[in-house]
Student: 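Got a structure for you, questions after.
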Amino acid sequence: MHSAVVPSETVPFAARRPVVLAVFLLPLALAIVLFTTETGPVFLLCLAAVLPAAAVTTFVARWIAPRGARSWTSSLLAVAWGAGAAVLLATGIGAWSAEQAMYVDDEGILREAIPTMWVLTPIVEEVGKGLGVLLILLLARRLGLRGVLFGAMVGALVGVGFAAVEDASAIAADLAASDLGSGIATWIVRTLTFPTHAALTIWTGAALGLALDARRPWSRPLLALAGFLVAIGAHGAINYGNVAGATDQASFFTSLGTAFGWIVVSTVLAVTLRLVLTRRRT
């Protein structure tokens, strides 16, 4: 047996390759154009500035998957979805949902019916990233790539792409306001916390990878939902830290500490899972 893939399964996939590439690459190009238009060419410089952190996180994320499952095609498509479609969905739907959540109370004060920062934003962003993870896992199964570790890798890489654009846009916004010091400070903080989105979406990816291979059909949605809720909950906790402190400085360090803590927890669990499953196979 020379291949785990049935030849007839690869033909339609190859025939749809231009469509698949368009689904992933056109939103990426659109996102880059939109953010460059909004903040100017400085966005591209800021995107280059976050590439070292993105490269390190990508290396770690790809290590999680078994050596034979580290498909560069799947990896690049994951990063492209995170930086393109996921960002566009988060920006568009996020702005719309935040607007819908606003109301004016009896005293004429504008309020939020649902907190945007730590409820709506985590849901919208994790849904946008999770859709890409699911799509890639379904496509990759045709090529024999599957499992919890492969799903974890894809989820983390979608987070890498999302973080690259989000961080670059935040740095560019500070620089566009002619605040070089604030821009540099933002770059330092964003570099240190760059793996945050990868540490969130890795749970969605691992859960989806596990769910797609589950033998009991009824357990599949439960497994997928569990990973999705973990990602949303952790995302919400990190964002809530921005308003949890008595002062702005206290809130900043609360959010920063929560992000660091989640990165460490996710990394330790991912490495442990990888080592355990790899040892079982050998």
Side-chain angles (χ1 to χ4, degrees), residues 1 3-6 8-10 12-13 16 20 23-24 61 64-66 68-71 73-75 77-78 81-82 85-86 89-90 93 97 114 118-159 162 197-238 262 265-282:
M1 184 172 182
S3 175
V5 182
V6 179
S8 61
E9 293 181 349
T10 66
F13 177 77
R16 291 195 296 267
V20 172
V23 168
F24 286 87
I64 294 172
R70 297 171 193 170
S71 163
T73 300
S74 298
S75 299
L77 289 180
W81 179 276
L89 288 171
I93 299 177
S97 61
I114 303 175
W118 51 278
V119 176
L120 292 180
T121 295
I123 293 175
V124 171
E125 292 187 357
E126 296 308 323
V127 166
K129 291 185 291 179
L131 288 175
V133 175
L134 178 59
L135 179 57
I136 293 171
L137 292 184
L138 291 175
L139 290 172
R141 288 173 74 82
R142 294 176 175 270
L143 304 178
L145 301 174
R146 60 204 306 160
V148 61
L149 293 179
F150 179 72
M153 180 195 77
V154 172
L157 290 175
V158 169
F162 191 94
H197 274 289
L200 293 168
T201 319
I202 192 175
W203 291 81
T204 304
L208 286 172
L210 188 63
L212 289 173
D213 280 348
R215 295 182 179 180
R216 297 179 176 85
W218 59 264
S219 68
R220 293 169 187 168
L222 296 179
L223 290 170
L225 182 61
F228 180 62
L229 291 177
V230 169
I232 290 178
H235 197 156
I238 293 170
W262 190 252
V265 168
S266 298
T267 301
V268 170
L269 289 177
V271 170
T272 301
L273 181 64
R274 199 265 190 189
L275 294 176
V276 169
L277 292 182
T278 301
R279 182 171 298 179
R280 284 183 179 178
R281 290 173 182 175
T282 57

Student: Using only atom types and a distance under 3.5 Å, with no angle test, would you say the side chain of Trp118 pairs donor to acceptor with the backbone of Ile238?
Tutor: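 No; judged by distance alone, with no hydrogens or angles, the pair does not exist.
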
Student: Kindly indicate whether the side chain of Pro221, heavy atoms from C-beta on, has any atom under 4.5 Å from the side chain of Leu225.
Tutor: no

Student: Closest heavy-atom contact between Ala211 and Ala224?
Tutor: CB-N, 4.0 Å

Student: For a quick test of reading the model, state the closest non-hydrogen atom pair linking Glu125 to Ala90 and the distance between them.
Tutor: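 Looking at all heavy atoms of both residues, the shortest contact is CG-CB, 3.8 Å.
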
Student: Donor-acceptor check, side chain of Arg146 to backbone of Gly209, threshold 3.5 angstrom: yes or no?
Tutor: no

Student: Nearest 0.5 Å please: distance from the CD1 atom of Ile136 over to the CG atom of Leu131.
Tutor: 11.0 Å

Student: Going by the side-chain contact (heavy atoms from CB on, under 4.5 Å) test, name the single residue among Leu137, Leu145, Leu134 that passes it with Val154.
Tutor: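 By the side-chain contact (heavy atoms from CB on, under 4.5 Å) criterion, Val154 pairs with just one of Leu137, Leu145, Leu134: Leu137.
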
Student: Are the charged groups of Asp213 and Arg141 less than 4.0 angstrom apart, N to O?
Tutor: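 Result for this pair is yes, salt bridge flagged.
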
Student: Apply side chain to side chain contact (heavy atoms under 4.5 Å, CB included) to Met153 and Ser75, showing your working.
Tutor: CA-CA 8 Å; Met153 180 195 77; Ser75 299; 3.8 Å; yes

Student: With rounding to the nearest 0.5 angstrom, report the CD1 to OG1 distance, Ile202 to Thr267.
Tutor: 7.0 Å

Student: Which pair of heavy atoms, one from Ala270 and one from Ile64, lies closest together, and at what distance?
Tutor: CB-CD1, 4.0 Å

Student: If you look at every heavy atom in Ala156 and Ala198, which pair is closest and at what distance?
Tutor: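 That closest heavy-atom pairing would be O-CB, 3.4 Å.
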
Student: Kindly give the heavy-atom pair with the smallest separation between Gly130 and Thr204, and that separation in Å.
Tutor: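 In terms of heavy atoms, the two residues are closest at CA-CG2, 4.1 Å.
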
Student: Say you draw a straight line from CG of Leu77 to OG1 of Thr73; how long is it, rounded to the nearest 0.5 Å?
Tutor: 6.5 Å

Student: Out of curiosity, Leu212 CG to Phe150 CZ, how far, rounded to the nearest 0.5 Å?
Tutor: 11.0 Å

Student: Can you classify the ring geometry of Phe162 versus His197 as parallel (below 30°), tilted (30 to 60°) or perpendicular (above 60°)?
Tutor: tilted

Student: In the structure I gave you, are the side-chain heavy atoms of Leu157 and Trp81 within less than 4.5 Å of one another anywhere?
Tutor: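 Leu157 does not reach Trp81 side chain to side chain.
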
Student: Please report the closest heavy-atom contact between Ala199 and Ser266, naming both atoms and the distance.
Tutor: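 Of all heavy-atom pairs spanning Ala199 and Ser266, the closest is O-OG, 3.1 Å.
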
Student: If you define the side chain from C-beta out and look only at heavy atoms, does anything of Phe24 sit under 4.5 Å from Leu139?
Tutor: yes

Student: With no hydrogens and no angle check, is any side-chain donor or acceptor of Arg274 less than 3.5 Å from a backbone partner on Leu149?
Tutor: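 Checked: no pair found.
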
Student: Would you give the length of the straight line joining atom CZ of Phe228 to atom OG1 of Thr201, rounded to the nearest 0.5 angstrom?
Tutor: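 Answer for the CZ-OG1 pair, Phe228 versus Thr201, is 10.0 Å.
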
Student: Is there a side chain to side chain contact (heavy atoms under 4.5 Å, CB included) between Ser71 and Leu143? Walk through the geometry before answering.
Tutor: CA-CA 10 Å; Ser71 163; Leu143 304 178; 5.9 Å; no

Student: Do Val127 and Leu89 touch side chain to side chain, with heavy atoms closer than 4.5 Å?
Tutor: no

Student: To the nearest 0.5 angstrom, please state how far the CG atom of Leu200 sits from the NE2 atom of His235.
Tutor: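 Rounded to the nearest 0.5 Å, the CG-NE2 separation comes out at 6.0 Å.
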
